[in-house]
K.L.:
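Right, I'll just put the structure down here and ask away after.
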Amino acid sequence: MNAPISPSNAPDWTVSELSGALKRTLEDAFGYVRVRGEISGYRGPHSSGHAYFSLKDQSAKLDAVIWKGTFARLKVKPQEGLEVVAIGRITTFPGKSSYQIVVDSIEPAGIGALMALLEERKRKLAAEGLFSPERKRPLPYLPTIIGVVTSPTGAVIRDILHRLEDRFPRRVIVWPVRVQGETCAEEVAAAIRGFNALKKGGRIPRPDVLIVARGGGSVEDLWGFNDEAVVRAAAESEIPLVSAVGHETDWTLIDHAADVRAPTPTGAAEMVVPVRADLVAEVEDLGFRHREAMGRALDRLRADLRSAARALPSREALLAPKRQRLDLAAAKLAPALARNARVAETRIARLGQALERRSPRARLAELKGKLAAVGERPGRAFFNFLVIRKDGLPQIVKHLRHAMRTTLGLRRQRFDGLTQRLATGREAMLRQERERVVQQRRRLLTLSTSLAAAMRADVAKRQARIGGLDQLLSSLSYRSVLARGFALVRDGDGRAIRSAAAMPPGQPIELEFADGKARALAEGRAARRAPREKTPGPTQGDLF
């Protein structure tokens with residue numbers, strides 16, 4: 001027989017009541033905690049948006065969960081194997097009778113963890129080609145507008161503006177962002193993309209170059225510029241971008257993605273604009289060199305002009321062939337005109353003879369002869385007829401007279417028509433020949449006028465050219481030098497004396513001035529005389 005169960009004072013708990021009591025006890029006892037451990041079992045966000053993983057160390061493991069809203073705000077995202085400090089509250093999960101930490105934020109566990117995360121992210125982005133040197137573009141030499149992404153209240157923007165004012169003042173557009181904190185990366189990436197979204201010629205002008213700047217700080221302070229969104233925005237920027245984050249020894253991932261990395265924000269200002277004073281000096285130097293080159297070129301051209309002027313022929317040599325051609329043409333013109341006139345007269349005479357042979361008088365004489373011959377034939381036939389028939393004489397005479405009148409009328413009409421046609425043809429031929437002669441005369445006059453005009457134009461052109469050469473010769477002549485107050489010294493034989501040493505004392509010399517010549521005698525050197533006050537004139541000898 002089984003022994004009865006002894007009664008107990010402990011109350012009975014349901015499973016739900018006990019789980020709720022444990023949950024309240026655990027949450028009241030611990031509340032918010034900071035737990036350091038290594039992330040394990042992380043597979044990315046769940047389909048619901050929540051993230052589940054574990055925190056472990058050498059001897060224990062703690063389940064962790066990050067709700068969807070919290071996960072989107074995290075500055076540092078969980079990664080498998082990353083050692084972090086998770087901040088959250090301890091609670092239980094009654095469905096599995098386990099406890100867990102609901103994470104509100106995650107921080108890397110020390111510099112080592114941050115550097116490991118940074119190296120992992122750097123390898124990932126480099127494998128995508130975001131740091132490739134082929135993607136980098138040169139900066140514009142002198143940008144018109146400079147865009148700056150930085151905090152508007154820090155010393156960085158004042159340093160940049162002051163440096164730009166010293167070197168080369170340019171228009172600056174500042175996009176204010178937070179350069180530290182949880183929203184830093186999001187604001188910097190949005191600023192870079194916002195500058196690139198501006199249209200050229202819009203109300204807000206699009207910058208020619210961008211500067212992303214921040215002062216120095218710790219690795220945690222600069223962590224926003226290591227964010228993947230910032231790096232991708234810098235790599236996608238169509239505007240050349242200069243990274244000036246931290247000091248010279250500080251390196252962030254945006255430095256690798258930017259087109260140019262500046263050691264400091266002041267150095268970035270120096271990189272984007274040249275020194276205006278240096279440009280002015282360079283332009284002045286180039287202008288001076290240009291003027292010097294132009295002077296040398298003009299001197300060379302003057303020397304070439306003098307050489308060409310010496311090689312030019314004289315006025316007579318230039319005009320002699322033209323004058324000779326003109327004389328030959330004038331000599332041939334009169335005989336040619338006379339010969340042409342004789343040819344025209346001969347042709348007109350031949351035409352006149354031909355017209356004379358075909359004139360109405362000649363034709364009329366010919367027809368009269370034929371008519372006389374025709375008249376003899378009817379008389380002979382009539383005589384024969386009379387001989388044969390003497391009894392029909394009156395009737396025959398009547399018919400004969402009628403036939404003769406008819407024949408003579410027809411002949412007269414024919415002769416009149418021929419006479420009119422010959423007269424008309426003769427007048428037309430004579431008129432045509434007269435017009436041809438007139439045209440030939442006009443053509444001859446036109447050619448004569450054109451020849452005379454061409455000769456005058458050619459002579460005028462030659463005269464103008466010779467006049468120009470004469471002026472050039474006059475300007476290059478030594479007489480123009482004499483007109484400015486100089487004198488040409490010659491010895492007794494008319495040879496030019498080029499130095500005082502070539503004039504022995506007492507030698508007669510000839511001085512040529514602009515308005516005439518004068519004779520003089522040379523004295524000794526001025527050095528043998530007592531010193532006297534310096535006066536303008538020759539310094540090696542005296543002339544009188």
K.L.:
Do Arg302 and Asp299 meet the salt-bridge criterion of a basic N to acidic O distance under 4.0 Å?
P.N.:
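Yes.
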K.L.:
Between Glu228 and Arg232, does any side-chain N to carboxylate O distance fall below 4.0 Å?
P.N.:
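Here Glu228 pairs with Arg232 in a salt bridge, since their nearest N and O are under 4.0 Å apart.
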K.L.:
Quick check against the 3.5 Å criterion: does Lys136 have a side-chain atom that pairs as donor or acceptor with the backbone of His256?
P.N.:
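Indeed, once roles are kept as given, a pair shorter than 3.5 Å links the two residues.
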K.L.:
Keeping the roles fixed (side chain from Glu187, backbone from Arg178), state whether a donor-acceptor pair exists under 3.5 Å.
P.N.:
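A pair under 3.5 Å: yes.
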K.L.:
Looking at Glu238 and Arg206, is there a salt bridge between them, counting it only when a charged N and a carboxylate O are closer than 4.0 Å?
P.N.:
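Looking at Glu238 together with Arg206, the answer is yes, because their closest N to O distance falls below 4.0 Å.
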K.L.:
Around atom CD of Glu128, are there more than 12 heavy atoms of other residues, nucleotides or ligands at under 6.0 Å?
P.N.:
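More than 12 within 6.0 Å, yes.
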K.L.:
What closest approach, in Å, do Ala229 and Asp227 show between heavy atoms, and which atom pair accounts for it?
P.N.:
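Taking Ala229 first and Asp227 second, the nearest heavy atoms are N-OD1, 2.8 Å.
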K.L.:
So, the side chain of Arg214 versus the backbone of Val179: is there a donor-acceptor pair under 3.5 Å, distance only?
P.N.:
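Looks like yes, one N/O pair under 3.5 Å.
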K.L.:
Are any side-chain N or O atoms of Thr150 and backbone N or O atoms of Ala213, one a donor and one an acceptor, separated by less than 3.5 Å?
P.N.:
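Checked: pair present.
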K.L.:
Under a 4.0 Å threshold between the charged nitrogen and the carboxylate oxygen, would Arg137 count as salt-bridged to Asp259?
P.N.:
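The answer is yes: the pair qualifies as a salt bridge.
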K.L.:
Hey, is CZ on Arg490 packed in by over 12 heavy atoms from elsewhere, all under 6.0 Å?
P.N.:
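Yes, CZ of Arg490 has more than 12 neighbouring heavy atoms, counting only those of other groups under 6.0 Å.
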K.L.:
Taking the side chain from Arg121 and the backbone from Asn226, do they hold a donor-acceptor pair closer than 3.5 Å?
P.N.:
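Yes, because the side chain of Arg121 sits within donor-acceptor range (under 3.5 Å) of the backbone of Asn226.
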K.L.:
Strictly distance-based, threshold 3.5 Å: is any side-chain N or O of Arg167 a donor or acceptor partner for the main-chain N or O of Val273?
P.N.:
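Side chain of Arg167 to backbone of Val273, a donor-acceptor pair under 3.5 Å: yes, one is there.
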K.L.:
Do Asp491 side-chain atoms and Pro508 backbone N/O form a donor-acceptor pair below 3.5 Å?
P.N.:
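No, Asp491 side chain to Pro508 backbone: no donor-acceptor pair under 3.5 Å.
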